[in-house]
Amino acid sequence: MKQSHKVILHPLLEETGQNQLIIPEFLASKWRIKNTNVLFNCGSLQYPVHLESYETDTDQAVYCSPDILSSLYLPSDGVRVLLTYCKETNAIKIGPIFCLATNASGNEELPFSAYTDFCVEIAKFCEEHHIFFYVNTLKNWDENSVIGKRWQTDQWIEYTLPLPSIIYNRIHSRRLENSSQINSLKEFWRKHNIPYFNEAFIDKWDVHQMLLLYEEIAPYLPEAVMLDSMDSLNQMMNLYDTVYLKPINGSQGRHIYRISKSDDCYLLGYSSFSGNKTLTSHTISGLYPAIRARSKRVPYLVQQGIPLFEVEDCPVDFRILCLKGPGDKWRVVSSVARVSQSRDQFVSNIARGGLLKSVDEVLTQFDKDSRKQTKRILPELALEISRIIDRETEGMYGELGIDLTIDKEGHPWIIEVNTKPSKTPDNPSNNHCRPSVKALIQFVYWFTSN
C-alpha cells in the first residue's frame, strides 16, 4: 500500500507558467523524486507536468497551473486531496476520488431526500481526511468527467468533476436497479475500470436458498417456501401457528402479512403506514383472495413465525451492520436493537415507527450468562452471513445490514440480509460522525490504495 499525503491543491497565478506542479520540498525528498518531469494523474486522465519544490516545514499547500486543474476537472478554489507518488510510473496521483451514486432526489434544502444528512456526514469526514468526495444522481457520465455535487461552505454545489476511483451504489429502487438505464451505466463503469459496491439488491428467497446450503447457518433460518398457491400456505399453517408472508423484493417492512391461528379461525394482519389491519376467516381459502388482491401477484415467500423475544410486550429484533476492511475481512461496526411500536405492530423497521435501543438495554431480562452468549453469537452469525453473501454473489459488497432476532428461549434467528442498509441517523441532532461512516471511508481508502 503506497503512502498518501494530505495536501490542499491551489491554482498558480497565470503568469507563473503552464504545466507546472509545485510541491513542498520535504514531500519531494520523502518521495525521492529525481525527475522534474512527472505525470499528474486524476481519475482517468493524466498530464505531463514540470515539477518544482519550495521550502516549508509544515505547509500542505501544493500549487498547480490552472490549465491543468481545468483539464483534470478539478475545482480551482483550494481542494483538499490525497497525493500518492509511484516511482515505477513516475506519476503523482490524486485519490481516492469517492462517488456516492443515488437516484434520491429532493429539493434545494434536501437535494438527496432522506439521504441528504448521510451524504453531508460522509462529505464532512472526507473533507477532514482529504478524500475527494461527491454525489452523483446517475446522470451526465462522460468519457473523462461526470456531473456531481460537492459539499462546500454548508451547501451542495454542482461541478463537472473527474471520474471516480470507486463508487458507492446507493440506488434505492429495485425497479430502477434492474432497468436498462442502470445496466448501461454499470457497463460504463466496468468499461472504465471503475469499481463499485454494493452490486445490487438480493431477493429474500435467493438469500434463504443460499444460506440453507451451509450446515452452520441452517439451524438459524426460519423455514420458508415460495407462495406458489394456496396449498403452500396450507402446508405451512399445518406446521406453525403463525406464518409471515413477505415479498421477496420488499424493503422497510412494506407489504408484510401475518397469519395466525386463533381458536376456530385465522387472523390475517398486514402492515401499513397507518398501522396494522386485520381480517378474519374460518378458512385459509377465505383469506387467500384478500392476500392476492393486496399483493398484486408479486412473488412472496411464506416464512415460519417465531415466538419473538419482547420488551414491554413489544417484539424486538437486531440490526448488525458489517463492513469489509483490509484483507477482505468483515467486521461488525454497529449493533442496535429495534423495538416495535406496540405489541400488535409486528414490523420493527424504523420507517414503520420502530424504536432504536442499545443491545444491552433490551437484554436486561436475561441472566448474565445468557446475555453474554447472545452478545457473542449475534455478531458471529452476522459476520458469517456476510462472508457467505460476499463469496456466493456476483459483484462486490463492502457493507451489509444483517437483521437477526431471538425467540423467547434465547435462540437466534435470521430475518433478512440488506445490501442497501438504511442510513437514518441514530441521533439526528448529533454532529459526530458515526463509526459506520468512518468504517465506510476506511473501506474506500483501503480498497483504492491496493
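What you are looking at is a predicted structure, and each value in this text was computed from that prediction instead of being measured.
A distance of 7.5 Å separates NZ in K93 from OG1 in T84, rounded to the nearest 0.5 Å. The structure places SG of C119 at 11.0 Å from CG of L110, a figure rounded to the nearest 0.5 Å. I94 contributes atom CD1, which lies 9.0 Å from atom CG of N41 (distance to the nearest 0.5 angstrom). To the nearest 0.5 Å, atoms OG (S180) and CG (L185) are separated by 11.5 Å. Atom SG of C64 and atom CG of L69 lie 4.0 Å apart (nearest 0.5 Å). In this structure, R338 CZ and R319 CZ are separated by 4.5 Å, a value rounded to the nearest 0.5 Å.
A donor-acceptor contact closer than 3.5 angstrom is absent between the side chains of Y220 and E384. A donor-acceptor contact under 3.5 angstrom links the side chains of N144 and S44, judged on distance only. There is a side-chain donor-acceptor pair under 3.5 Å between W141 and N136. No hydrogens or angles considered: nothing links the side chains of S436 and S334 as a donor-acceptor pair under 3.5 Å. Side-chain N/O atoms of Y134 and E158 include no donor and acceptor closer than 3.5 Å. If you check the side chains of Q20 and E52, you find a donor sitting under 3.5 Å from an acceptor. Side-chain contact, Y85 with N90: a donor N or O sits under 3.5 Å from an acceptor N or O.
For the pair I167 and I194, the minimum side-chain heavy-atom distance is below 4.5 Å. Using a 4.5 Å heavy-atom cutoff, the side chains of R170 and N198 are not in contact. Between I385 and V417, some side-chain heavy-atom pair lies under the 4.5 Å cut-off. Contact check for V62 versus Y54: no side-chain heavy atoms found under the 4.5 Å cut-off. Within the 4.5 Å cutoff, the side chain of L72 has no heavy atoms near those of the P162 side chain. When side chains are defined from C-beta on, S165 does not count as touching F98, because their heavy atoms never get closer than 4.5 Å. Side-chain atoms of L163 and I97, non-hydrogen and from C-beta on, never get closer than 4.5 Å to each other. Contact of the K149 side chain with the L161 side chain is not registered, since no non-hydrogen atoms from C-beta on lie closer than 4.5 Å.
Heavy atoms of other residues, nucleotides or ligands lying less than 6.0 angstrom from NZ of K30 number more than 12. Residue R175 places its CZ atom among 12 or fewer non-hydrogen atoms of other residues, nucleotides or ligands, all under 6.0 Å distant. For E187, the CD atom is densely surrounded, since the number of other residues' heavy atoms within 6.0 Å is greater than 12. Other residues, nucleotides and ligands place more than 12 heavy atoms under 6.0 Å from the NZ atom of K6.
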Dump the intermediate steps for side-chain contact (heavy atoms from CB on, under 4.5 Å) on L21 and I68, then the final yes or no.
CA-CA 9 Å; L21 184 67; I68 293 294; over 6 Å; no
Carefully, step by step, assess S358 and V336 under the rule side-chain contact (heavy atoms from CB on, under 4.5 Å).
CA-CA 5 Å; S358 71; V336 295; over 6 Å; no
Could you go through the side-chain contact (heavy atoms from CB on, under 4.5 Å) check for I256 and Y244 one step at a time?
CA-CA 7 Å; I256 293 177; Y244 289 89; 4.2 Å; yes
Walk me through whether I402 and E416 qualify under side-chain contact (heavy atoms from CB on, under 4.5 Å).
CA-CA 6 Å; I402 313 298; E416 66 178 302; over 6 Å; no
Between Y445 and H129, does a ring pair (Phe, Tyr, Trp, His ring centres under 6.0 Å) hold up when you go through it step by step?
CA-CA 10 Å; Y445 179 77; H129 293 272; 9.5 Å; no
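Note on R174 versus D203: no salt bridge recorded, every NZ/NE/NH1/NH2 to OD/OE distance being 4.0 Å or above. A salt bridge links E177 with K420; the closest basic N to acidic carboxylate O contact falls under 4.0 Å. Note on E399 versus K423: salt bridge recorded, some NZ/NE/NH1/NH2 to OD/OE distance being below 4.0 Å. The existence of a salt bridge linking E127 and K124 is excluded, since no basic side-chain nitrogen approaches an acidic carboxylate oxygen closer than 4.0 Å. Ion pairing between a basic and an acidic side chain is recognised when a charged N comes within 4.0 Å of a carboxylate O; E380 and R376 show such pairing.
Residue Q152 comes nearest to D77 through the heavy atom pair NE2-OD2, 3.2 Å, listed as atom of the first residue, atom of the second, then distance. The minimum heavy-atom distance linking F112 with T137 is given by the pair CE2-CG2, 4.1 Å. Taking both residues in full, the closest heavy atoms of G78 and I8 are given as C-CG2, 4.0 Å, listed atom of the first, atom of the second, then distance. The two residues A200 and K186 make their nearest non-hydrogen contact at CB-NZ, 4.2 Å. Summarising the geometry of C433 relative to F125, their closest heavy-atom pair is SG-CD1, 3.8 Å, with the distance given to 0.1 Å. What you find for S335 and V332 is that their closest heavy atoms are OG-CG1, 3.6 Å.
For H130, the ring pair (Phe, Tyr, Trp, His ring centres under 6.0 Å) test picks out no residue, with sequence neighbours left out.
You'll find the ring centres of W189 and Y196 inside the 6.0 Å limit. Two rings, from H5 and F26, have their centers less than 6.0 Å apart.
The main-chain N or O of E25 is never found under 3.5 Å from a side-chain atom of S29 such that the two would form a donor-acceptor pair. When atom types are taken as modelled, the side chain of S4 and the backbone of G95 share no donor-acceptor pair closer than 3.5 angstrom. Put simply, the side chain of S65 gets close to the backbone of N19: a donor and an acceptor are under 3.5 Å apart. Using a distance-only test at 3.5 Å, with no hydrogens or angles considered, no donor-acceptor pair links the side chain of Q303 to the main chain of V243. Judged by distance alone, the side chain of S449 and the main-chain N or O of W446 form no donor-acceptor pair under 3.5 Å.
Taking the ring axis of F132 as reference, the NZ or CZ atom of R150 stays within 45° of it and closer than 6.0 Å to the ring centre.
Using a 30° and 60° split on the angle between ring planes, Y257 and Y300 fall in the tilted class, from 30° to 60°.
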